[in-house]
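Here is the structure we will look at, set down as structure tokens.
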Amino acid sequence: MRYYDKLIFELSRPGRSGYSLPDMPKASLPEPGSSIVWRQTPLELPEVSEPDVVRHYTNLSQMNFGVDTGFYPLGSCTMKYNPKINEEVVALFNGYHPLQPEETTVGIQSIYDFMDKALAEITGMRHFTFLPCAGAHGELTGLMLIREYHMSRGDAARTKIIVPDSAHGTNPASAAVCGLDVVVVKSRPDGLVDVDALKPLLGPDIAGIMLTNPNTLGLFEKDIKQIAGLVHGCGGLLYYDGANMNPLLGVVRPGDMGFDVMHLNLHKTFSTPHGGGGPGSGPVGVGERLVPFLGKPRVSGFHGNFGVILRACAYILALGKENVKLAGRLSTLAANYIKESLKDCYKLPIPSVCKHEFVFDGLKDAGDVTTLDVAKRLLDYGFHAPTIYFPLLFHQALMIEPTETESLQTLDSFIEVMRKIAAEASENPGLLHGAPHNAPISRPDETAAARQPILKYSKV
Ligand SMILES: *Cc1c(COP(=O)(O)O)cnc(C)c1O
């Protein structure tokens with residue numbers, strides 16, 4: 001173990017300190033007996049020098065993998081490079097305080113107004129609310145809007161929502177939280193929603209349908225106009241999951257496809273660094289029909305997750321209309337390039353042209369090498385793994401989303417490594433079973449790590 005792999009508490013020595021403050025004037029301490037409750041035991045903090053602290057955090061940051069350290073093709077997550085100009089723009093607001101008087105925050109309000117217009121133009125929606133702080137939060141908000149719409153018309157029997165079997169897991173979960181019953185519609189062998197299977201599900205109890213287009217397999221639902229006609233025809237509404245909207249940017253608009261309500265993940269499509277649980281922003285856009293239900297305010301307390309909104313704003317303005325359009329095309333090109341370059345070594349269950357992402361079903365010549373082994377081995381070569389074992393339609397799913405921000409050289413080196421791993425799988429499978437060999441830890445018990453995490457330092 002290297003010295004700085006120790007916990008910061010293990011580096012601690014009594015009395016050591018990395019700063020000195022002027023003595024606090026006596027008068028500013030609250031009187032004993034005042035309403036302030038004093039801590040009874042001293043706060044247990046590590047006592048370390050400034051270099052210890054700097055090295056501790058710098059070393060920690062390098063034990064992790066991020067978009068700033070390497071290619072991160074995690075499917076259904078849009079791990080794109082986030083331009084640093086966004087951070088400069090955010091830094092301009094460093095002096096802003098969440099409690100400052102409203103009349104001094106008109107600039108912030110005008111950025112929300114701009115984003116409302118920009119996102120409406122990009123998506124073909126009428127207006128957005130910026131209340132939701134994540135994609136799933138947006139889904140719940142959108143579904144509640146759909147319920148409100150039906151209730152306002154005295155249509156209380158509409159308690160079911162249709163979700164395809166390829167949907168992102170948050171879709172059925174949000175529907176359940178909203179009190180809706182989920183009805184699953186099957187995909188056809190070509191990965192698209194089976195319209196013939198959809199028809200018999202439609203009726204007076206259907207609140208609507210939730211769709212991702214392109215869907216989670218990276219395929220564009222070509223029958224969307226027909227689907228919209230059928231769902232509207234039975235009195236239902238269409239919800240669009242726009243978390244990963246990259247391929248559509250400047251090409252097609254959900255509003256034009258017939259969707260009534262949608263969310264965007266600004267922390268995916270619009271370039272805010274994400275992972276580790278936030279902060280995020282999942283604004284919900286609605287078409288004409290749902291505008292009256294949007295209500296006010298449309299920004300959550302303390303100006304919402306304003307940093308995320310601002311980064312998205314900087315991203316849209318930096319690209320401009322013409323280049324926003326390029327984002328969609330390049331993300332599609334990059335995904336198809338990888339797919340075509342690897343399909344001789346990895347099983348490609350759906351061979352058609354994909355949009356921003358696609359799914360392999362493990363190695364062609366797998367032997368006893370699993371998708372998990374491939375994912376772990378990639379780390380040894382400095383690449384983050386794609387999404388694995390999702391969607392559930394295939395047993396060895398490897399879902400790859402390169403995004404539009406990677407160079408041809410990066411894509412080529414990823415392809416080379418994936419081919420090398422395929423060769424290793426037949427020549428030396430043991431090497432893959434034991435991977436990663438170069439990471440700070442190899443294969444943790446993932447269930448225990450999720451269910452019984454140890455998050456607090458304890459001496460014993
Ligand atoms: C990421 C994602 C979500 C959920 O977004 P969160 O911000 O993580 O709640 C929903 N749908 C799709 C398709 C996604 O990729």
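Note that ligands are numbered from 1 as they come in the structure, with each ligand's atoms numbered from 1 the same way.
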Worksheet item: Is the closest side-chain heavy-atom distance between Leu211 and Phe259 below 4.5 Å?
Response: yes

Item to complete: Output all residues satisfying side chain to side chain donor-acceptor pair (under 3.5 Å) with Tyr457, sequence neighbours left out; order by chain, then residue number.
Response: none

Practice prompt. Not counting sequence neighbours, which residues clear ring-ring contact (aromatic ring centres under 6.0 Å, His included) with Phe93? List them please.
Written response: Phe306

Fill in: Neighbouring protein residues of ligand 1 - any heavy atom closer than 4.0 Å
Ser76, Ala134, Gly135, Ala136, Glu139, His168, Thr170, Asp241, Ala243, Asn244, Asn265, His267, Lys268

Worksheet item: Do His274 and Thr272 meet the criterion of a side-chain donor-acceptor pair at a distance under 3.5 Å?
Response: no

Worksheet, complete the sentence: For Glu357 and Thr216, the nearest pair of non-hydrogen atoms, with its separation, is OE2-O, 3.3 Å

Practice prompt. Any ring-ring contact (aromatic ring centres under 6.0 Å, His included) involving residues 120-141? Give me the pairs, sequence neighbours left out, ordered by first then second residue.
Written response: Tyr112-Phe130

